[in-house]
Structures are given as structure tokens and as C-alpha cells.
Student: 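My questions all concern the structure below.
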Amino acid sequence: MSPDDVVVRIAPSPTGSPHVGTAYIALFNLALRRKQGGRFILRIEDTDRSRSTKESEEQIYDAMEWLGIGFDESPRIGGPAGPYRQSERSETYRKFADDLVARGKAYLCFCTEKRIEELRVLQKKQELPIGYDGLCKSLSRAEIEANLEAGRPYVIRLLVDHESETVCHDFFRKRIAISNMQVDDQVLIKSDGFPTYHLANVVDDHLMGVTHVIRAEEWISSLPKHVILYGAFGWEPPVFAHMPLLRNKDKSKISKRKNPTSLVWFRDAGYLPEAMVNFLSLMGYSPPPRESCPEGNPEIFGFDEMVRDFDLSRVKTSGPIFDLEKLDNFNGVYIRKMTDEECVGRLLGFYAYLEAERGRLTAEIESELPAAAEMRTLDERRRALTRSTLEFIRKHRPSRERLVQMMGVLKERMKNFLEFADVAGFFFEDALSYDPGLLVPKKTNPADAAKVLRLAADRIESVGEFSLAKVEDGVRSLPDETGWKGRALFMAIRVAVTGSDVSPPLFESMEILGREKTVLRLRGAAGFLDGIAARSI
RNA sequence: GACCCCGUCGUCUAGGUCGGUCUAGGACCGCAGACUUUCGAUCUGCUAACAGGGGUUCAAAUCCCCUCGGGGUCGCCA
């Protein structure tokens, strides 16, 4: 181990969907680890046995793997400091807690949850600082024995000297001093025998040799507790670096009511992991200015590039708002960066993922929409796109060859893979349905439009070679021949061929579609117009 | 409410540690134009910020203080 080596870690708790915040923090830990050398640990903090689930733990692994965030040690990989799942380390915590009690740094507390609750209410009413009042501190040895004998449940609390103050250090903010009046006698061991986060976290970080704790800012308020704990054990605390919190639009801490926060959501929505990583890297951080940037946009860079000149001290501590619009833009940038072949490969990979998740996704689509307006709109759209994409896959089973053919014109028309089916759909459909309002330009009538469409069909059928240039040549003289304005005429053809007034370039689309289908659609649209003309007479 | 953290364009940020090179730079969004007989992409241009007030100084976005604003925490959750 070289002197620069760091040992860093993330310690998510497997409750609910894996959170963007976890990925965000993981990225900065990994960047430091890659830059300096050392070890990156994934530790599962499942000490809340009522909320932790195995599924959630699995999702954490999947999400990290998806984002390309790799670990040196984890419950799966193992390692010298294992086990890496806190639920499997109970004896260790117990031992250290007992040691603290034996040395008078912690004490047993037999107060019931009811009493604590009443205490809280009282303190709130009298506007007193909230916290344990220390009643059980003064229990005599005999009383403790008696309580134990009677089988009364108890917790172990940290003994805090409320007279003094605790000086903490944060890598970014430097000195943070807090009067111990503000520090509660924190529960270390819960009555179920499991440790609280605070104990387990400190013990594990020490035992695992963690040198740098890079975590979210919300932990600053419990920093003193942790520092006191390190002191009680007689251990050297690691370097603490508290990253800013990701925010909702209204600046509050990012939450699932107001923002997509689940990494699974982003994956489902067709976001690229490299775009996510790049975007997240820019939250609270900016790389040192570079002489030149290959992308023309200094904010677009891969993780390797970030690592190359990573500097933790460049982190900014003000809370960044998670801006989906910018993420969308980044995702589009990464899609366009790929070659057509790559892009198709990735799209197919995404489709395989959707297929594998079909059960879960369809169930999700059927489930109730999020209540909060912010998320509802967003997820409504995501669900609609998921539904049509799932249909698209099942119905058309698009082949790689086919996809590569059309990717050139489609790549730049989607911000994420979930939008692909919508923009590409017309290439695959057999019969298009038409909006007469679009098919018949203003100041013309259905009968005339049908005539023009047939003329176009004839022309395309008769050009010798079905190529972009030849077809364009053949159709270009049509405005003169018909007296129609070019704009109107091409729009009518566009609608006839693609079914929409918004589409990829007309002649490229025809080329991809092929002569036969193009002509068929033109005539089909003309036939459709005949029906309307007949009815209106 | 108490304690703690934070405060440059609407958003992400550069610059702040070494005060002058900042009439504050870039990115996203927005707007306009070009190109595309559509949309998008692309290119060009534009709009837009040092929270406010006091100091210190020849000189402050940059240092100090106050105010205001925002956020976090206050659980036998993490």
C-alpha cells in the first residue's frame, strides 16, 4: 500500500429502490480511489431489519454495475475486512459497545419508547432542546442488575459530556465546532440487539481501515457523535468530506415525490449510464479547465477523463439542483456520439433489458400514478413510451440490419432510447392511419391531393434507379407540373409516406422504406382521400 | 424553534486559497438567424448573475462583519 492510497466506501442501506444520491456519492468515492490508488468498499448497512430487503440489496448491485461503478470489496466480492453486510457483524458491534460500557463511555438505558416519546413531546412544548435526559445514567449497579434480571429491554447509549464542545473537521468546510449541549446521548445498540447506524458505521470504518469518508451533507449534523465515538474508542477519525445534497427544483433535498430518484427509473427510461455518470459528475464539481476539449463542450467527459485530473478540493459545497433537461441533453449528446452500429447495439441491449423486465414494467404501468404533480407528468410520459416500446418490440422484432439502416436519421431525433419506437414506428407499420387535415394542404381539396399523390407515386415508380438523388430529381418537378406550392406538396407526400408532419428527411425516409412500400403508401393515402372526396360530394 | 451548512446568469458552474488580468467565462434551457421544402441535429448571434448593507484597501465577485434568503438535522431510519 503506497502512502497515497485511500480506503473509501459507500454504505447504502438496502431499503427501497437504489437512489441517485448513492450513485452520486459513489462516483466521487471511486474517483478518489482511482486517482490515488487504494480500495473502494461497498458495505451494506442493513441494521434496520424491518426495512431492509434482499431485493433492494440486489438492485444496488445491479444499478452500480449498470453505471460501471466497480468495487474492490463488497458482500459479493468479499475481502479481508468482511463480512461486508452489517447484519452479519452483530457480535462485533456488541463487543465494542460492551467495551464502551465497561470503560464508562456508554451506559445501559431501560427507558421505554413511550417514556422517550413523552419526553420529546414535553421538550417540544417547553421549547427545550430535544434529546435524552440522561435518566438512566445514574442507575446504580444493583438497579441495572435488577432490570437485567427482570428481562427488561434496554438500549446502550453513548455517554456525552454535555459541558464541553466537539471540534470536527470537514475536508471542505474545515473546522466545525459544536457545543455538546446539542449532542444527544445517541443510542448505539437498539433494544433488538442490532447496532444503530452511528455505532456500526464508526466501528466498520475503523475496522475496514477507511481513510476518507465521502458522504452526503445530511450527515454533518451527526458528525460530532461520530467524532465523540472515535474519541471514546481511542481511534483516529478518518478524513470527512461532506458532499452537497442533490436538490429538487425548489431547492429542497431531492425526493421521489418531486424527482425521479431511483436509478432503476433512469435505466427504465432509456438513459445511458455514461450520460448519467457525466451529468452526476458535474453536480457540485467541475474539472480543472483544459487547454482543449475533444467534444467542443468542456462539460462532456468520460469517467476516465474525470479521474485523470480529479481533485477533491474542487468540489463546491452549495447544493446543486438536479436538472433533468440538462441530463436529457447529455443523453442526446452521448447517443449522437455513437456510430450507427454502436447505437443499434446499445438500443438492442436496452430492448433485451426491457424484455427481461417486461413483467415488472407492465405491472408498473398498470399501477397507480404518483400523486405529486411533478412526478406524475413525468412518469405518465415514461409509462406511455414504455408501453409503446414494449408493443413495438413484440410486434416488429426489429433486426440489427434494419435498425442500422435507419439509425443515421433517427439517432439525432431522440433524447433517450425509450423515444426510439415512436420516431421509428412508421418504418415498420404496414398500414398508416392518416389525418386528412395534414394530408390535404390548405386551399386544395381531397380529390386534387389524391391526384397529386398518385402522380408522385407514378413518378417514383418510373425513375430508373431507386436512389435518394434520382427520386428527388423525379419529384422535384412536380410543383411546376401541378401548380402546387413546393412546401405544400412535399408536406402532403411526407404525411402520406410517414403518417406524420414531423419526420426524418423525406427522401432519406423513402430510401430506407424502399420503392415498393413508398409507392404503396402514396397510393394508399390517395385511396384514403378518394373516400373522403366521395363522401363530401 | 435550536444547532449546523450554503448563497455568481432560470439551472449546472469558472473565477474566490495568491484582491487588480472579470466592461464576470463556459454548459443546459430560452430567444433570433442560417441550414434542412417538416421535426430534430448542426452552425452563428443574443438575453441573463457576483443576495443586500456596512467595513478593510489605491483597488473586492474575491478578505472581515451584519442582515436577509435557502437548505439540512433534531428517530431504538440510514
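Here the structure is a predicted model, which is why all the values come from computation and not from measurement. Throughout, protein chains are lettered first and strands after them, A, B, ... in sequence-line order, and every chain is numbered starting at 1.
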Student: Mark yes or no for a side-chain to base donor-acceptor pair under 3.5 Å between A/Arg173 and B/C5, with no hydrogen or angle criteria applied.
Tutor: no
Student: Under 4.0 Å between any heavy atoms, over every strand shown, what does A/Met283 touch: base, sugar-phosphate, or nothing? Just pick one.
Tutor: sugar-phosphate
Student: Would you say the rings of A/Tyr285 and A/Phe28 are close, in the sense that their centroids are separated by under 6.0 Å?
Tutor: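 Ring centres of A/Tyr285 and A/Phe28 closer than 6.0 Å.
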Student: With A/Arg215 as the cation and A/Phe240 as the aromatic partner, state whether NZ or CZ is under 6.0 Å from the six-membered ring centre and within 45° of the axis.
Tutor: no
Student: Determine the contact category for A/Ser191: base if any of its heavy atoms lies under 4.0 Å from a base atom, sugar-phosphate if only primed atoms, P, OP1 or OP2 are that close, otherwise nothing.
Tutor: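 Answer is base: heavy atoms of A/Ser191 come under 4.0 Å of a base.
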Student: Donor-acceptor pair under 3.5 Å: do we get one between A/Glu217's side chain and the base of B/G71?
Tutor: no
Student: Please determine whether any donor N or O and acceptor N or O are separated by less than 3.5 Å between the side chain of A/Lys326 and the base of B/A27.
Tutor: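 Such a pair exists between side chain and base.
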Student: Mind checking if A/Val187 touches a base, just sugar-phosphate, or nothing, with heavy atoms under 4.0 Å?
Tutor: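 Here A/Val187 touches the backbone only, sparing every base.
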Student: Below 4.0 angstrom from OP1 or OP2 of B/C77, is there any side-chain N or O of A/Arg49?
Tutor: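 No, A/Arg49 has no side-chain N/O under 4.0 Å of OP1/OP2 on B/C77.
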Student: For a quick check of understanding: with a heavy-atom distance under 4.0 Å over all strands, which category does A/Thr47 fall into, base, sugar-phosphate or nothing?
Tutor: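 Contact class for A/Thr47: sugar-phosphate only.
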Student: Looking at every strand, decide which applies to A/Pro153 at a 4.0 Å heavy-atom threshold: base, sugar-phosphate, or nothing.
Tutor: nothing
Student: Is any side-chain N or O of A/Ser286 closer than 4.0 Å to OP1 or OP2 of B/A14?
Tutor: yes
Student: Across the strands shown, which category fits A/Asp501 at heavy-atom distances under 4.0 angstrom: base, sugar-phosphate, nothing?
Tutor: base
Student: Considering only side-chain heavy atoms of A/Asp323, which listed nucleotide, B/A27, B/U73, B/U11, is closest?
Tutor: B/U11
Student: Does A/Asn329 put a side-chain nitrogen or oxygen below 4.0 Å from OP1 or OP2 of B/C29?
Tutor: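 It does, given that an N or O in the side chain of A/Asn329 lies less than 4.0 Å from OP1 or OP2 of B/C29.
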Student: I want to verify a distance call: between B/U11, B/U38, B/U73, whose nearest atom is closest to the A/Ser221 side chain?
Tutor: B/U73
Student: Give a yes/no on whether any side-chain N or O of A/Lys253 is located under 4.0 angstrom from OP1 or OP2 of B/U73.
Tutor: yes
Student: Cationic tip of A/Lys174 within the cone over A/Phe171's six-membered ring, i.e. under 6.0 Å and within 45° of the normal?
Tutor: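 Verdict for A/Phe171: a cation-pi partner in A/Lys174.
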Student: Classify the side-chain pair A/Arg152/A/Thr112 by whether it contains a donor and acceptor separated by less than 3.5 Å.
Tutor: no
